[in-house]
Each structure stands twice: as structure tokens, then as C-alpha cells.
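Below you'll find the structure, written out as C-alpha cells, and then a few comments.
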Amino acid sequence: MEYNFKAIEERWQQYWRDQKTYRVAVDNTRPKFYVLDMFPYPSGAGLHVGHPLGYIASDIYSRYKRLKGFNVLHPMGYDAFGLPAEQYAIQTGQHPAVTTEKNIARYREQLDKIGFSFDWEREVRTSDPSYYKWTQWAFLQMFDHWYDQQQQCARPIEELKAHLAAQGTAGLQAAETQELHLTAEQWAAMNEQEQERVLQNYRLAFRADTMVNWCPKLGTVLANDEVRDGLSVRGGHPVEQRRMKQWLLRVSAYAQRMLDGLERLEWSDSLKEIQRNWIGRSEGAQVFFEVVGATEKLEIFTTRPDTIYGVTFMVIAPEHERLEELTTEAQRAEVEAYVAATKKRSERERMTETKRVSGVFTGSYAINPFSGRQIPIYASDYVLSGYGTGAIMAVPAHDSRDWAFARHFGLEIIPVVEGGDVEQASYDAKEGRMINSGILTGLDVKDAIRLMFKEVEARKLGKRLVNYRLRDAIFSRQRYWGEPFPIYYKNDTAYPLSADQLPLELPPIANFGPTEQGEPPLARAEKWCTEAGEPFELSTMPGFAGSSAYYLRYMDPHNEEALVDRDVNSYWRQVDLYVGGIEHATGHLMYSRFWNMFLFDLGYVCEQEPFRKLVNQGMIQGRSNFVYRVVGTNKFVSLGLKDQYETQEIHVDVNIVKNDILDTEAFKRWMPDFANAEFILEDGKYICGWAIEKMSKSMFNVVNPDYIVENYGADTLRMYEMFLGPLEQSKPWDTNGIDGVHKFLKRLWRLFYDRDGKLLLTDEAPTEQELRTLHKTIKKVSEDIENFSFNTSVAAFMICLNELGDCSKRAILEPLTILLAPFAPHICEELWATLGHEESICNAAYPTFDEKHLTLSSFEYPVSINGKLRFKHAYDLSMDPAAIQADVVTLPEAQKWIEGKTPKKVIVVKGKIINIVI
RNA sequence: GCGGAUAUGGUGUAAUUGGUAGCCACGACAGACUUAGGAUCUGUUGCCGAGAGGCGUGGGGGUUCGAGUCCCUUUAUCCGCACCA
């Protein structure tokens, strides 16, 4: 009987469904383990062979943990809101809910075929009202809280109101949009709307007029992580800066905690580094500069207060709110022209032309508080409005950008740190002795910085300050297919719905594009207002809203009273292992941490961090194949001969190429154009060229998992994806080579059954050699799984079979079957049944290795390190210990190696000296 | 510009973490069985060399009895951030 993977896989998938094998529940008698995959956005294209890579790895780990006795939570769901479904809707009029539903069905079908151990009863969909109720709920909680910097904790807005009523802003240390100074009397004198405007300055979910990334093509604003190189990540459309009133989340309030929290996470160093950069903490000072003829001082942020004597001018961003006030009549025309020109330049242009110096003099002067000199104030787009205060003190001698600006406008350059030649370039290094710097002269830079921090505070010119690059997240999108805001308006003031009014369901509309007035699509909805007629918010929430707490919902997906029950949450606690792509480093993985910390502050969850350990699987790229058409003919020339002709390279479907050899008949059938193609072969074959490219339809290099499952089975697919290389490494998919893994499973099968289907199992006692092989494999495989080194564990299985030869002994095969079950669950279930077990192999116990069988052949070998003798323990199972002993000989020549000293022993293996013991 | 990662046969990779470089596979070559092979099995396969032998982990240097592994330097590729004051 041959290994009939198709029948086996169908049978066991059905069995798992029927028996609810993968259903989990809270069980206080067993330790828990939570393994999570980043849930997919169900796109219309379905899964390609790269998508399941992480799912397979996490499934292996889940199954392994379960066999080890853990109660494993391993859920799956769909990130179902999103732009592609909406754009498809705009083009075709099909409701996004319909296409999403269809795509999910397709995804589920593909996932099921691969044999995952998901508990599907816990499935969540972010677009489901019973799910997004809790997204809206969390938003309302953020709306109702502010961040107390002193207690490092979110607190109810009522407590803030009480504080304002009692003492105004005095003594308030809150995360805020801008610094406010109010007395209790001023607060009391405000009407409701005025008070609300003040509160918006503190709420963790708030509305503000800010510069946003506006994408005209998509008709929506985008968050910073959704924009790359001035283009939208989705679609690659140009993005421009615009001032708009938007909802934001005060993510920046948690910057320091998110930075500190990284220390406690088992994430890769590179990922932590990306988040550190994104948070971008920098220590410096806030300094106020007096402006000639103005009452209000100009506030700047600097990390180099030591260079203040070298400040020869100031620069503010073109968007700076005081630009107009600082512009003198004489300069007005020029400044306005500059601002207009800046606005016209897209974000992309601004970024690609960073070397181009531009700017304009405002006509105003400030006074350097230390040197007392008058210095001109410029506006330039090299100063960003969003960072710090949008204004800088320029030190051309020690900042390359200021230097370039000063050179361009002929401004003075005063060196204040020894070390460089300011005629040639700025000297940016933070080391050297201070010169030309009044009280600082003669000090080392580091001491000067320290002294200046004190001086600035002593002279009441400003204070020490930590700045973060991390911006608040823009939370509204002018789109239809997202969560509606549980917000309505009265006199342009936002009011929250109460929790019992949730979910606020997305209303049906027929046309999904923006209105002619440029309003979001929800403006088309009928009766999109409260019963009293107050209009609801027209924007919807962004994609990251729904994915920010889904891991919590999986713990308790059917709870209608709470996002997650407290007791349930204190059992599952947090995700122990999270597997997903690194592309979410600055998006989802930041927002989730923020969201979770916020819920932690409110006492809804018991862990600060959502994901304890995180593994980033690499991207699977495509491996494209090419044929070479002789120009002007329908003749195709094989790779090795193509240089003899003038050829044109054409992508060919990788599914009709095997081991780079083209199936010429299939090629003729592939496209009408090629029906009567002729071939110039080499050695009777047509060899294709190849290249590594992104996996995409247009390159004809998409390999579908269904195709692999159909032809080789899910178990082969699972093992081959792992065998391809280290999990975290990006690598191209190459179906060549899958035969090796498939052959392995067939060989395993043949240890149980012969060709005629006769059972080969025996109860014979295993030999010592066989036991050694078994226990070595147990040790290797379990260590490898713990280290996510799945490629080497697959290799270990192959070595194991090679060594076992045709051993059909139950005592060897039974533990081996359990060992392999996480990788190839279907065939192992079948073999497990063959071994006479009635229960699923998922309920078996993972075998442990016995040192006894390993120590037998292990030996200690001496190593001398820095002249000291140490012994290392080694398991070299390929060697007979007796033979090793025999190889220990003394060689006179070895004395030469150690310069005269007499060696005690020289260890020689296969005639080579591998060690000399002194 | 700053930061991070990687570099090993024709290909994917492995190496007890400083101890026989190339495990395990793919591919290729040869053979067996076969009407047939995109089935199965056996053998060979880093490079040069008929052989003995020599050379070999991107390049150069260093530490060490011993380096793919550690240090310095350099090159290439990939990724992240990027007027962040």
C-alpha cells in the first residue's frame, strides 16, 4: 500500500472537526501557553505559499507544547476591515461585507487543507459588530481618560475636571497637545464647549487640528507608519501634508513606558531597535529666546545647549503658528511666496531634495540669552513643525544642516568647540573643549552640556526636557469600511455615546466613494445621526484599531459583558509566543502595546505587555522563470544557447517548469500566442532562466499552497516550508527540492507497511544502535523546536531514518511518531492508529530522551584554552569511542607546534592532529 | 548620513558555539530493477590534480596549538530610520 496522503489528510481533518480535537478552555490544573499568529487580511488573491510559513511554525510549536502537557490557546481570525475591499466596492458597487465574506471563505478553505490546530470556535472578525463593539468601547475609554505623567498612569477625565476646578492647571503634569495655563476661576468661567476644548488637550483619544498625511488619490488621511518615502504604503500614491481636524490617539503619552518595556521582552534585537528608533527619545533642553519687539518669547528644543554661544540665527518651520506674527511688513511678500511654494512641494519632494537649501528671512530678530547678540529669525522647511517646538536655535559651526543654511545665506559661523575647521564643514561631534563660550570656555563638551542644563534652569530661560520622535497616531480615516466612531456632534463639540449604545453599527450605503463635496462616504448614509438628530462622526477608524486588542478577545470571544473576563484574562494573561512579519514593527506592534498598556492602567488586563516572545518569520519571495524568444519569431531558445541569438526575456508560469526544465507541451497550451511555439533545445531539454523577485501574479511566479497540497499533501508542504531554511530568514520559494521531504514521508510509511499493504510492525527489542538513534533524535528535535530551528529538526528526522534503515520495531516507531506529529500531523495520526491507539495522537505525551543511550558514546575531550586545560563534553555519535581511544597517540612532531614543551597527549583523528594536551 | 543584519559547493543550507568545514536535501553523473519513468533502490559528487597531494567559508590583516566562528579593516547585498535640532 502506497502512502495515500490525500485520503489520510481528508480523514483526519474530518476527525479533528468531528471530535473538536482543538477546542480549548480555561483549565486551572494545567499550565497555559498562548501561541498566536498575526491574523490575515483576507485579500481577494487568496493565500500564496509564503503566507502559511509563520502559521506552520506556530502550529508546530503549539502542537509540541500541547504534547508537553500545556493547555495551549491557538486561535485564528481575520483582520477584515481594510482598503482593498473598499476600493473594489467603489469600482464594482459590491458591498465590502460581501467580498470580505467570500474571501474569508476562501482563506478558511485553504487554511483547513494545511491541517492547523486552531480552535475555530474562537474565531474573531474585526468587521463583526459583536467584535468592533469592543474596539469602540476601548476608544470611548481613551476618550474618557487622560495621562498623568506624575503617576505614569491613565486616569479618568472626571479627576482631571476636579483638578481644573480646584486649582486650574497648577500642579498638573499631564500628557498634552500644548502647554496650557489656566486658573480655577478661568476654568469655572468657561461654558461647556470651551471646557471641552480644554479637555481635548488632555484626552487620550482627542480631536485636533494637525498636520496630517493626506492622500488625495485614496481620499483619506494616513498614519505615519502607513506612509513610506512620501507615498502611501497601500497603492503607492503621493501623500501631501495638510492641516485638518482629525481624531488622534495620544500614543506619545506612553513613549517612555513603551521604551522601557522593550527591555523585558523576548523580541529580536533588530525589532527592538526599530521600535527604539521609532520612539526616538532624545534628551535636551527647552529654551526660550526673547524676540525683539514681541512680548512672547520663542521656544526651541535643543540637545546641544553647550553650543548656545555659537547660535547666530534661528529657524522656524514654515507651518509655525507664529510665522505670520514674526513676519515684518517688508518681508511679508517674500515669506508668503515661500510658504506657498513649500505647501506645493509634496512630502516626497521635500524628502528627495533634502540637500537643496531653501528658506526666507522673516524680518524679526531674537536675542541670544547668553551672548546677548541680536540674531535673525528665518523660516525654512528643513525645520519640521511636528518635532520639538517647530523652531530651532541654529549653530552653524556644529550642525551640518545649519552650516549649509548659513553658507547659503551668508550668515555668521562662530566655532565654540575645538576640533574642526568651520570653513570646510561643521564639526558635529560631541567631544572637544569649549571656546568662545563665556562661562563655558575651557570645559569639556559633556561637562558644558551638564552645566548649561543647570544654567538654563537657574536663569529661568527654560528647562530640561525629553523629546520623542513618536507622534500621536491619527485615528480617523475618510473611508467607509472601518469601525464607526461612537461619537456625535452638537455645536461642533464631540460627545461620546454611552457604553450601552454600542455597537454603533456601520450603516448600509450604495455608493462607497467620497461625496461630491469631498465628505467621507458615511455622509451618504441615511439617518446617520442620533434620535435627536445630532450627526455622527463621518470618519471611520483606521486598520490598526481592530487589530490592537484582538489577542485579548480570543481569550473570551463570546463574552457580551466585557472585552475579556478578568478571571479568564488572569489565566491566559498574555501571548507567550507571537509569530508574524516584521513589517508591523512600527504599526500594529506599537499600537497594540499602547492599547494594552492603557487597558492595564484601567485594570482590565493583568499584563503590561501583550506579546512576551515574538518571532518574525522571513518573507517568502518568488522565484521567477524565464524563456527566451528569438526576436521577431516564435522560436524559444534554451538558456545555455541564448547568447547565440538576439532574444527577449519572457516570464513563464513557474507551475509549468520543473527543476528549471520547461514542460514545452504545457507551454504551448499556456497562452494562445505560444500554441505553435518552436524550441531550440539543449540536450533535448528546454532550460529556463530564473531570478528572485517578489511573488506576484504579473511575474507568473505565484505558487499556491493548494497546488502543493494536491500534489504532495499537507504534511509534505508543512515539512518542506520548514526545511527551506531558518524561519526568520527571507528566502525565495522554490518547489524544486520538495521531493526530498516527500520521499522522507514515503519512507516512513514503508517502515509500517510494505508494498502490498502488509503491516511490518514487530515487537522485537531494539538494538543499542537503534536506541541511540532514537534518543539522539528526540534530544535534537525537542531542542530545535524550543529554539525555532525547524529546518534542522526536519534534517534530524531524515538522518534518523537513514540510520534506522528498515527498522520496523514498535519500540522505536511509536515515540518517533509522536516526535514527528507536530510537523506532519496527518500521517502521524494515521500511523498512531496503526500502532493500535484509539485516541488522537494530539493527546499523547511527548517522549523524553534518556541520557543513558547518549552517554554511551559520548566522550570528554581535552581542550587547552590560553594554556589552561579544560574538558569539553561531546556527543559524537558517528564515532565509535573505541576508535577514538585508539587514535590518541603521541607524535614527536607535535613538539614543534608547542615550541619545545612536552605534550602529554596528542589527539589525532583520521591522521590529523585535532588537539595537543600539554 | 545613522543604525541593524547577512556573505559557506551548481542550489537551499549545516557545523557540538573556538576543535575533522560542507551534515540533511535538491540538482548532476553512473548503475540496478523496469515495456516505461517525473516510481523505487545503490554509488559518486567543494575546487584543482591521472595520482600523491594542494587549495578552500566575500577580500586583506591579527589573536590562537587550532578560526566559518573572536578582534581590526575592507567590499558587496538586504533591511530599518532619515533634515528629529
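Only heavy atoms go into these numbers, but all of them, side chains included; no hydrogens, no water, no symmetry mates. Sequence lines set the chain letters: A, B, ... in the order given, protein chains first and strands last, and positions in each chain run from 1.
With rounding to whole Å, A:Lys731 atom NZ is found 23 Å from B:rU77 atom P. Taking atom OH on A:Tyr387 and atom C1' on B:rA85, their separation rounds to 7 Å, with Å as the unit. A:Met719 places its CE atom 11 Å from the C1' atom of B:rC24, with the value rounded to the nearest Å. As rounded to whole Å, 20 Å separates atom P of B:rG3 from atom CZ of A:Arg281. For the pair A:Leu745 CG and B:rU40 P, the interatomic distance rounds to 13 Å; values are reported in whole Å.
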Restricting both atoms to N or O, compile the protein contacts to nucleotides 4-11 of chain B shorter than 3.5 Å, with distance only.
none

Can you give me the N/O atom pairs linking the protein to nucleotides 27-38 of chain B at distances under 3.5 Å, or say none if there are none?
unit_1: B:rG27; atom_1: OP1; unit_2: A:Asn659; atom_2: ND2; d: 3.4

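A:Glu283 pairs by the side chain to side chain contact (heavy atoms under 4.5 Å, CB included) definition with A:Arg281, A:Arg464, A:Val466, not counting sequence neighbours. A search for salt bridge (charged side-chain N to carboxylate O under 4.0 Å, His left out) contacts involving A:Asp399 returns A:Arg401, not counting sequence neighbours. Residues passing the salt bridge (charged side-chain N to carboxylate O under 4.0 Å, His left out) test with A:Lys463, sequence neighbours excluded: none.
Nearest nucleotide to the side chain of A:Lys746, out of B:rA85, B:rA14, B:rU40: B:rU40. Nearest nucleotide to the side chain of A:Thr792, out of B:rC83, B:rA14, B:rA85: B:rA14. In the set B:rC81, B:rG80, B:rA25, B:rG80 carries the atom at the smallest distance from any side-chain atom of A:Ile274. Between B:rC83, B:rG80, B:rC24, one nucleotide has an atom nearer to the side chain of A:Asn277 than all others, and that is B:rG80. Each of B:rA85, B:rC24, B:rA14 was ranked by its minimum atom distance to the side chain of A:Ser282; first place goes to B:rA85. Nearest nucleotide to the side chain of A:Trp278, out of B:rC81, B:rA85, B:rC41: B:rC81.
Contacts between residues 464-471 of chain A and RNA chain B, counted as heavy-atom distances below 4.0 Å, involve A:Arg469, A:Arg471.
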Would you sort out whether A:Leu298 and A:Ile316 count as a side-chain contact (heavy atoms from CB on, under 4.5 Å), showing the intermediate values?
CA-CA 10 Å; A:Leu298 186 60; A:Ile316 64 174; 4.0 Å; yes
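Among the atoms of the strands shown, only primed sugar atoms or phosphate atoms (P, OP1, OP2) are found under 4.0 Å from some heavy atom of A:Pro726. Across all strands, A:Phe744 comes closer than 4.0 Å to no nucleic acid atom at all (heavy-atom distances).
Searching all strands for a Watson-Crick or G-U wobble partner of B:rA5 with both distances below 3.5 Å returns B:rU77. Pair assignment for B:rU34: none, as no Watson-Crick or G-U wobble contacts are both less than 3.5 Å. Pair assignment for B:rU64: none, as no Watson-Crick or G-U wobble contacts are both less than 3.5 Å. Nucleotide B:rG43 forms a pair with B:rC29, judged by Watson-Crick or G-U wobble geometry with both contacts under 3.5 Å. With a cut-off of 3.5 Å on both Watson-Crick or G-U wobble distances, the partner of B:rC83 is given as none. When both pairing distances are held under 3.5 Å, B:rU16 makes no Watson-Crick or G-U pair with any nucleotide shown.
Base orientation for B:rG9: syn, the chi torsion being within 90° of 0.
To the nearest 0.5 angstrom, A:Leu589 atom CG is 10.5 Å from A:Met258 atom CE.
Using cut-offs of 30° and 60° on the angle between ring planes, the pair A:Phe723 and A:Tyr720 is tilted. Between A:Phe797 and A:Phe744, the ring planes lie tilted relative to each other; the angle falls in the 30° to 60° range.
In this structure, A:Phe5 has its ring center closer than 6.0 angstrom to the ring center of A:His742. Taking the centre of each ring, A:Tyr468 and A:Trp278 stay at or above the 6.0 Å mark. Less than 6.0 angstrom separates the ring centroid of A:Tyr378 from the ring centroid of A:Phe405.
Summary of the strand contacts: A:Thr586 and A:Lys780 both lie near RNA chain B, and taking for each the nucleotide with the nearest heavy atom, the more 5' one is attributed to A:Lys780.
Counting heavy atoms from C-beta outward, A:His398 and A:Val417 have side chains that approach closer than 4.5 Å.
The separation of B:rC41 from B:rC33, taken at their C1' atoms, amounts to 8 Å, rounded to a whole angstrom. When the P atom is used for both B:rG37 and B:rG31, the distance is 13 Å, rounded to whole Å.
Summarising the local packing, CE of A:Met798 is surrounded by more than 12 heavy atoms from other residues, nucleotides or ligands at distances under 6.0 Å.
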